[in-house]
S.K.: 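Dumping the structure here so I can ask a few things about it.
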Protein chains: 2
Amino acid sequence: MQGKTTLKTLAEILEISPSTVSKALHDSPEISEKLKVKIRELAKKEHYIPNAMGRNLKSRETKTIGVIIPDILPHFFAKALYGMEAMAGEMGYQIVICISNESLKKEIKSIHTMISSGVDGVVMSLSQETQAKMQIEHLLQLKKYGIELVLFDRVLSIINCDKVSINDALQAEQATVELIKSGCKKVGYLTNILNTSVDDQRKQGYQDAMKRYKLRNRVIGFNPKDEFPAKQINTLIAEGKLDAILAANELSAIMTIKSVLDSGYEIPKDVSVIGFTNGVISANFRPSLSSIDQHEEEQGRLAMETIIERLQGKLPKEPLDYKLRTSIIHRETTRHE
Amino acid sequence: MQGKTTLKTLAEILEISPSTVSKALHDSPEISEKLKVKIRELAKKEHYIPNAMGRNLKSRETKTIGVIIPDILPHFFAKALYGMEAMAGEMGYQIVICISNESLKKEIKSIHTMISSGVDGVVMSLSQETQAKMQIEHLLQLKKYGIELVLFDRVLSIINCDKVSINDALQAEQATVELIKSGCKKVGYLTNILNTSVDDQRKQGYQDAMKRYKLRNRVIGFNPKDEFPAKQINTLIAEGKLDAILAANELSAIMTIKSVLDSGYEIPKDVSVIGFTNGVISANFRPSLSSIDQHEEEQGRLAMETIIERLQGKLPKEPLDYKLRTSIIHRETTRHE
DNA sequence: TTGTAAGCGTTATCAG
DNA sequence: CTGATAACGCTTACAA
């Protein structure tokens with residue numbers, strides 16, 4: 001009862017050799033059916049759990065995918081993770097998760113953990129700091145150890161690997177155009193994910209749309225650790241400089257709504273709002289939030305599927321670069337006829 | 001550049017023995033300072049990452065804690081995870097996370113992964129199915145492999161290990177009493193986490209309070225996969241059978257608010273609402289939600305600290321059973337003078 | 001059909 | 001101070 005059960009333990013009990021046990025548990029044709037049954041039964045009885053360390057030292061695959069995300073609190077990542085976990089399970093893989101906490105240092109540490117613990121592949125979204133400093137040496141380490149990499153959401157074009165992301169620029173542009181077409185002239189872009197590829201692209205798309213309609217663009221950035229810039233927003237509205245907000249995430253969107261309404265303005269009459277990520281809050285908020293559905297669960301599933309198929313040699317040599325289409329869901333914070 | 005860098009690689013380059021390299025990298029006093037410097041420099045230059053498999057086979061500690069949670073989408077677990085991750089980092093540990101998805105089968109698989117990958121300890125919250133079926137054999141496996149266990153949030157008294165949870169019964173009772181004292185007579189308890197220890201205790205606390213005030217209790221349970229029972233709630237209100245809701249989590253609380261308000265009732269005039277978990281939505285919702293702060297980040301931190309201190313032999317032999325105090329935050333969905 | 005032996009990367013023990 | 005050797009648990013040629 002006491003002590004770990006190993007192959008050797010099982011072998012000793014049955015007075016046979018460890019290699020025979022190993023083969024039997026791998027259903028090798030070399031072993032007689034009778035013995036296999038006996039060994040399998042004992043293994044079950046003794047609750048034998050193979051030691052991944054031992055197994056992996058012989059450089060076999062671990063059927064484990066490492067996932068590194070910058071943060072778990074935003075709905076986007078939580079939901080993407082959910083999708084990854086589900087897909088991995090369906091394809092017979094396990095996942096281990098590390099959180100980089102938007103820090104480069106932690107991201108490097110996480111990569112080391114992944115390498116060290118022998119995952120077959122890594123799916124990750126880059127930390128804010130990584131993207132700001134453009135330091136990517138640690139990602140190259142993975143290649144050296146023969147570990148596949150798939151980037152999702154926060155991707156980087158200079159890295160040669162499979163990528164899964166949404167067409168952020170296009171989507172931001174489209175949302176901005178819709179706001180403009182609904183009658184807004186002073187659309188602002190609100191973001192708290194400065195310096196990320198995702199943010200850059202959304203900003204770009206937004207600015208392109210504004211430029212096309214010859215409108216002045218206004219970017220309101222803030223650090224999530226600081227206070228929400230409610231005052232700034234309300235002042236802009238009061239000065240007639242803002243009549244719509246495209247928010248880079250769901251939480252900023254609802255905080256915008258709250259501060260705008262609390263100041264006595266009406267939504268969408270005075271100010272329209274669209275938020276990225278169509279999370280649980282969007283539909284249930286009052287007023288319900290018009291938002292951009294990033295199909296985060298699908299993105300997670302696709303990223304996981306991609307890395308596993310890559311590992312299984314099912315993909316072409318050229319890296320894939322999925323740009324998923326998203327959709328705008330109009331609810332009560334935007335005007336429409 | 002190609003191929004993994006191992007101790008042997010480094011040793012070969014310097015034409016010394018692997019054991020010397022190992023000792024040097026562990027800062028052993030046996031090795032001369034000069035050589036240590038040389039070896040450390042090479043290790044850095046070659047981006048040497050020690051292989052946890054090899055190391056762990058010598059049954060040393062991995063400084064890794066496994067975390068198993070039933071779900072990541074609810075704010076409670078995401079935030080608790082955040083706290084765990086932070087504390088682990090501060091104490092020099094890494095975490096790996098598995099999601100049981102409320103399923104016993106997945107929970108067992110996750111435990112196997114943890115054992116197999118050699119974590120030093122496991123912090124977990126039991127899945128709904130595990131608690132419903134009361135199957136706990138797999139947890140005993142951990143002991144056998146010398147892996148410490150700390151249960152948090154969804155704990156089970158019959159398991160002999162350290163535990164961290166909140167005093168759910170007391171808290172539910174107190175919240176119910178406050179609702180009653182504010183003038184509500186027909187308080188209902190709304191839950192979508194049926195069959196969990198947490199839910200049982202909250203229900204118990206709620207029922208105790210109702211009994212004490214000689215009021216009839218009413219439990220409204222629903223499956224998160226099914227539709228929200230908005231109709232049922234509104235019917236009860238219309239029939240004068242419900243004037244307050246104690247919701248087992250934040251999302252149910254805001255869904256309640258939404259459906260109640262959308263039906264033309266006023267909050268808190270007609271119906272008061274208190275929700276468990278004071279997440280990001282509570283403060284930002286309109287009306288802002290009165291809620292029970294479970295200090296989830298603190299809970300996560302404490303659970304992590306406990307397991308690490310247990311591993312470090314800093315705790316008394318008797319298992320600890322923390323019951324954290326929580327606090328009720330009154331906002332706009334409850335009446336008060 | 002079963003067993004033996006070597007080796008994966010690391011570290012602890014013991015010699016030199 | 002440095003090196004050889006064995007061992008951790010497992011797989012896999014190769015031998016019996």
Side-chain angles (χ1 to χ4, degrees), chain A residues 3-39 42-43 46-64 112-113 115-120 144-147, chain B residues 3-40 42-43 46-64 112 115-120 144-147:
Chain A
K4 354 196 151 187
T5 305
T6 70
L7 269 189
K8 214 170 136 196
T9 321
L10 298 180
E12 276 163 7
I13 294 176
L14 295 175
E15 296 181 313
I16 55 178
S17 93
S19 63
T20 307
V21 180
S22 171
K23 284 173 195 161
L25 293 176
H26 283 277
D27 203 18
S28 155
E30 287 181 17
I31 308 295
S32 68
E33 204 50 50
K34 209 174 124 198
L35 195 93
K36 274 190 204 166
V37 171
K38 203 165 145 196
I39 291 175
L42 182 70
E46 295 291 325
H47 298 290
Y48 168 68
I49 298 171
N51 181 323
M53 314 272 149
R55 171 179 296 168
N56 195 237
L57 271 190
K58 295 293 296 181
S59 77
R60 292 262 280 77
E61 55 185 5
T62 53
K63 294 259 184 192
T64 303
H112 287 191
T113 307
I115 293 176
S116 181
S117 62
V119 299
D120 297 339
K144 181 167 148 187
Y145 285 84
I147 298 173
Chain B
K4 356 196 150 189
T5 306
T6 70
L7 270 189
K8 214 171 138 196
T9 322
L10 298 179
E12 276 164 7
I13 294 176
L14 294 175
E15 295 182 311
I16 54 180
S17 92
S19 58
T20 307
V21 179
S22 170
K23 283 175 195 161
L25 292 176
H26 282 276
D27 203 17
S28 156
E30 287 181 20
I31 308 293
S32 70
E33 206 49 49
K34 211 176 118 197
L35 188 59
K36 273 189 202 167
V37 171
K38 201 166 143 194
I39 291 174
R40 275 197 284 255
L42 181 71
E46 295 290 325
H47 299 289
Y48 169 66
I49 298 171
N51 182 323
M53 313 270 150
R55 173 178 292 168
N56 195 236
L57 269 192
K58 297 292 298 182
S59 76
R60 291 262 278 80
E61 54 184 6
T62 51
K63 295 261 183 190
T64 303
H112 286 191
I115 293 176
S116 180
S117 63
V119 299
D120 297 340
K144 181 167 150 188
Y145 285 84
I147 298 174

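Quantities reported herein were computed from a predicted structural model and do not represent experimental measurements. Order of the sequence lines fixes the chain letters, A, B, ..., with proteins taken first and strands second; residue numbering starts at 1 for each chain.
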S.K.: Send over the distance from B:Met53 CE to C:dG9 P, rounded to a whole Å.
M.R.: 12 Å

S.K.: Heavy atoms from C-beta onward define the side chain here; which of C:dG9, D:dT2, D:dT11 lies closest to that of A:Leu57?
M.R.: C:dG9

S.K.: Check the distance between D:dC1's P and B:Ile39's CD1 and give it to me in whole angstrom.
M.R.: 13 Å

S.K.: May I ask you to say whether B:Glu33 pairs ionically with B:Arg40, meaning some side-chain N is under 4.0 Å from a carboxylate O?
M.R.: yes

S.K.: Mind checking B:Ser22 for me? I need base, sugar-phosphate or nothing, with any heavy atom below 4.0 Å counting as a touch.
M.R.: base

S.K.: I'd like to check A:Leu57 versus B:Asn51 (side-chain heavy atoms, cut-off strictly below 4.5 Å). Are they in contact?
M.R.: yes

S.K.: Is there a side-chain contact between A:Lys144 and B:Lys4 in this structure, where contact means two heavy atoms from C-beta onward sitting under 4.5 Å apart?
M.R.: no

S.K.: Could you tell me whether the phosphate oxygens of C:dG9, OP1 or OP2, come under 4.0 Å of any side-chain nitrogen or oxygen in B:Arg55?
M.R.: no

S.K.: Could you check if a side-chain atom of A:His47 sits within less than 4.5 angstrom of a side-chain atom of A:Thr5, using non-hydrogen atoms only?
M.R.: no

S.K.: Please confirm whether the shortest side-chain N or O distance from A:Ser32 to OP1 or OP2 of C:dT2 is below 4.0 Å.
M.R.: yes

S.K.: Taking atom CD1 of A:Ile16 and atom CG of A:Leu42, what is their separation to the nearest 0.5 Å?
M.R.: 8.5 Å

S.K.: Within residues 6-18 of chain B, which residues have any heavy atom lying less than 4.0 Å from an atom of DNA chain D?
M.R.: B:Ile16, B:Ser17

S.K.: If we ignore hydrogens and angles and just use 3.5 Å, is the side chain of A:Ser116 paired with the main-chain N or O of B:Pro50 as donor and acceptor?
M.R.: yes

S.K.: Check whether any side-chain heavy atom of A:Lys38 lies under 4.5 Å from a side-chain heavy atom of A:Leu14, and answer yes or no.
M.R.: yes

S.K.: Determine yes or no for a side-chain-to-main-chain donor-acceptor pair under 3.5 angstrom, with B:Asp120 supplying the side chain and B:Thr62 the backbone.
M.R.: yes

S.K.: What I want to check is whether an N or O donor and acceptor connect the side chain of B:Lys58 with the base of D:dA7 at under 3.5 Å.
M.R.: yes

S.K.: Check this one for me: any side-chain N or O of A:Tyr48 less than 4.0 Å away from OP1 or OP2 of D:dC10?
M.R.: yes

S.K.: Set out, line by line, the N/O atom pairs under 3.5 Å between protein and nucleotides 13-16 of chain C.
M.R.:
| unit_1 | atom_1 | unit_2 | atom_2 | d |
| --- | --- | --- | --- | --- |
| C:dT13 | O4 | B:Lys23 | NZ | 3.4 |

S.K.: Would you mind reading off the distance between A:Lys4 atom NZ and D:dC8 atom C1', rounded to a whole angstrom?
M.R.: 9 Å

S.K.: Within the 4.5 Å heavy-atom criterion, are A:Thr20 and A:Ser17 side-chain neighbours or not?
M.R.: yes

S.K.: Quick one: are A:Leu7 and A:Leu25 in side-chain contact, heavy atoms under 4.5 Å?
M.R.: yes

S.K.: Atom NE2 of B:His26 and atom C1' of C:dG9: how far apart are they, to the nearest Å?
M.R.: 11 Å

S.K.: Would you mind telling me which residue lines up with the more 5' stretch of DNA chain D, B:Pro29 or A:Gly54, judged by nearest nucleotide?
M.R.: B:Pro29

S.K.: Between atom CG in B:Asn51 and atom C1' in D:dG9, what is the gap in whole Å?
M.R.: 14 Å

S.K.: Take atom CD1 of B:Ile31 and atom C1' of C:dA12, then tell me their distance rounded to the nearest Å.
M.R.: 13 Å

S.K.: Whole angstrom is fine here: how far is it from CD in B:Glu61 over to P in C:dA12?
M.R.: 11 Å

S.K.: Could you state the CG-C1' distance from B:Leu25 to C:dT10, rounded to the nearest angstrom?
M.R.: 11 Å

